[in-house]
Protein chains: 2
Amino acid sequence: MGTAHGRPPEKGGGVTLAMVARRAGVSPQTVSNAINAPELLRPDTLARVRQAIDAMGYRPHRAAQTLRTKSSRLIGYGIQPVDVDRSTPVMDRFLHALSQTAEEAGHRVLLFASPPPNAPEPMDAYRELLDTYSVDGFVLSDTHRGDPRQAWLERHGVPFAAFGRPWSGRQIGDWVDVDGARGTAAAVDHLVELGHSRIGFLGWPRGSGAGDDRAGGWRDAMRRHGLTVRGRRAASEDEVTPAAAAVGPLLDSGVTAVVAASDTLAMGCYRALRERGQSPGDDVSVVGFDDSPAAALVSPSLTSVDQPMTAVGRECVRLLLARIADPSRAAENLLLTPSLVPRDSTAPPHATAPRTAAPRVPDSRATDESHSPR
Amino acid sequence: MGTAHGRPPEKGGGVTLAMVARRAGVSPQTVSNAINAPELLRPDTLARVRQAIDAMGYRPHRAAQTLRTKSSRLIGYGIQPVDVDRSTPVMDRFLHALSQTAEEAGHRVLLFASPPPNAPEPMDAYRELLDTYSVDGFVLSDTHRGDPRQAWLERHGVPFAAFGRPWSGRQIGDWVDVDGARGTAAAVDHLVELGHSRIGFLGWPRGSGAGDDRAGGWRDAMRRHGLTVRGRRAASEDEVTPAAAAVGPLLDSGVTAVVAASDTLAMGCYRALRERGQSPGDDVSVVGFDDSPAAALVSPSLTSVDQPMTAVGRECVRLLLARIADPSRAAENLLLTPSLVPRDSTAPPHATAPRTAAPRVPDSRATDESHSPR
DNA sequence: CAACGCTATTTGAACGCTCCAATCGGCAAG
DNA sequence: CTTGCCGATTGGAGCGTTCAAATAGCGTTG
């Protein structure tokens, strides 16, 4: 009666299962059942208990549940040092999706400082969280070739879901990834539709999984459209200045559009064009990848391939929780489709002064795509 | 003996205090003391216990500790929806610093989806985490005028530390903030040193704490240098296109440099210059604020004011943990100094064609700074 | 030498929950 | 009326830790 004013209880702290039980005139176990297995209770009992629960503002003590059930309902996510924001331009969206989805399923995200990949004992942090029963599983991101984490976790029977497919070796565990090839293919389609035919690709050096994937998407789309691929590819590390240098031969060869493997590379392309007195979007169309915040900021705004980070985060959580619920289930993999965000950096090619045939460009940077295996 | 191979124990899971105690020939409580109050043990006992601990790879069960001590050693951080990345351009760095520092102090960060400020019950998520003993305190960010969180938390006696000072009303609790005024002042100093004297400011409409702070820093620095302030200020919401429009009158008035309240506004300035056939850095210097990833990407690269996000995160954790350790201590506030990152968008003013006197600009956008209070 | 004080260690209990097995009440079948 | 059964509810124990209080050990002191 004291708190029975109809409004939400002021303070719930300190209310235990036993107190609720006393008030509802049932045993503690029945209150527990009312929460965890309501179908066991007779409807009238259930109603009575429920009323007591919200009258007193009861909330189960998470630690007590964890101690008893050995499940913390916490998901570990190792956040990496950010000096390399190369691979993680849009992690906020991912993290938010992670939290949001986890929350909807009654879980939460535990952030920890993941050691850099080259640390002496990269798995220590993971091991500690497990040994102390702090988390039920992990979400991984920024996976790379030879990443030891998936194998380690699998060997120890720890549930996990990765953002990023294992590029080498056998498939391990559940993962979600973005179909980079489809993204660059969409970029090519978009450019072809605008009337471009001489479309170059500016990517990273061969060897990175995501990079080769994106390059492959461009190449296949070009072929599908019956367009020339030879001499149309350049590579550079993910920095503006080197990219500006690397894209030079491509521009020399007379391309009217460039598809870049990242927004950073696209920015290199912008710079190279400006240095030649040309203007991106106007003289040469440019498409980036990632749809980082910078894409909307620059002038002309950059057409870019948007990775569905929210969906990626959501699916990671979904796969992880499914794995936790049933450790023996078959591994599930998801390839999500990115979407092209057209902006001002792509336009029909100039009708004026199009060089009809691009001269062969024997530059070392511009590698010959046809030599690559498959 | 079984595991005594000298190498780190393979699996620590399942080892309890009692097992260690049995092995070391002491009581469980003594093992507990060895960890939490080693000074209570005789040196030889301590050594024996410690040896047993790492021989068995013992790790205390976090939930059991939490249950007993009522302290989870977890710090709550409510991550906000990112569609407005206006205020959170560089949150990754902040989050990483948060995790890192927390970890060094034996804590971790619990991420939860913080409801948007206008939600019906914005404190529900906070309340739940407290009622369930899931966290020991909170770190807040993106605080705004009239933010209900500080007051609520203080009223409920919950430890917290905020990134962002309370701009209105009385001071509540511990906070860390960046001295925006010093940032814009440093920008002005830098430009004056390069030889500029007609320096405009492009900011947000009056009323936002951080925005007015940054504007004030510009204004005061201008006066300190004996430079004209009247007619040199324009305002726009934090979007590129409106900013490009708003900065027009400023450019008309003949400024040779613009200090912007954000990188986004600076990008608006870039666009406006390009539309006039001028080039940023070359014809008019531009300084941004935030040093977002985009700043290094654009051409010319953007001189910007870098917020020391790592230090901010570190200090937030430090203040919060101090408050948790001693709830009655006096509130502590920190104003950190941002640093200017000079890049290519700032250069000496053109020697050619400087209009010696700027015409009065009776544009509605360019407000007269001298009318402002104080 | 007994009484004392101090330190190092142990004992018992409790934190709040859920698992497991046992119990209760009611109802249909024998 | 007893028996068996089934669904709803309860009692007791235990998860692994730390708190509070009790005890054992042991050198000091009057």
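Reminder, nothing fancy here: chain letters follow the sequence lines and each chain counts from 1.
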Q | Salt bridge flag under 4.0 Å for residues B/E332 and B/R318 | A | yes
Which one, [options], comes nearest to the side chain of [X]?
{"X": "B/N36", "options": "D/dC15, C/dC17, D/dT18", "value": "D/dT18"}
{"X": "B/L17", "options": "D/dT17, C/dT9, D/dT10", "value": "D/dT17"}
{"X": "B/T45", "options": "C/dT9, D/dT9, C/dC19", "value": "C/dT9"}
{"X": "B/L67", "options": "D/dT17, C/dC17, D/dG16", "value": "D/dG16"}
{"X": "A/T69", "options": "C/dA14, C/dC19, C/dT10", "value": "C/dC19"}
{"X": "B/S32", "options": "D/dT18, D/dG14, D/dT9", "value": "D/dT18"}
{"X": "A/Y58", "options": "C/dC17, C/dT10, D/dT17", "value": "C/dC17"}
{"X": "A/A64", "options": "D/dG16, C/dC17, C/dC19", "value": "C/dC17"}
{"X": "B/R68", "options": "D/dG16, C/dT10, C/dC17", "value": "D/dG16"}
{"X": "B/V26", "options": "C/dT10, C/dC17, C/dC15", "value": "C/dT10"}

(Q) Could you check whether A/T69 and A/S71, counting side-chain N and O atoms only, form a donor-acceptor pair closer than 3.5 Å? (A) no
Q) Is B/K70 near enough to C/dG16 that one of its side-chain N or O atoms lies under 4.0 angstrom from OP1 or OP2? A) yes
Q) Does a side-chain N or O from A/Q29 land closer than 4.0 Å to OP1 or OP2 of D/dG11, or not? A) no
Q: Using atom CG of A/L40 as one end and atom P of D/dT9 as the other, report the distance to the nearest whole Å.
A: 9 Å
(Q) By the definition ring-ring contact (aromatic ring centres under 6.0 Å, His included), identify the one residue from A/W152, A/Y77, A/F138, A/F160 that meets it with A/Y126. (A) A/F138
Q: To the nearest 0.5 Å, tell me how far B/R170 CZ sits from B/I172 CD1.
A: 4.0 Å
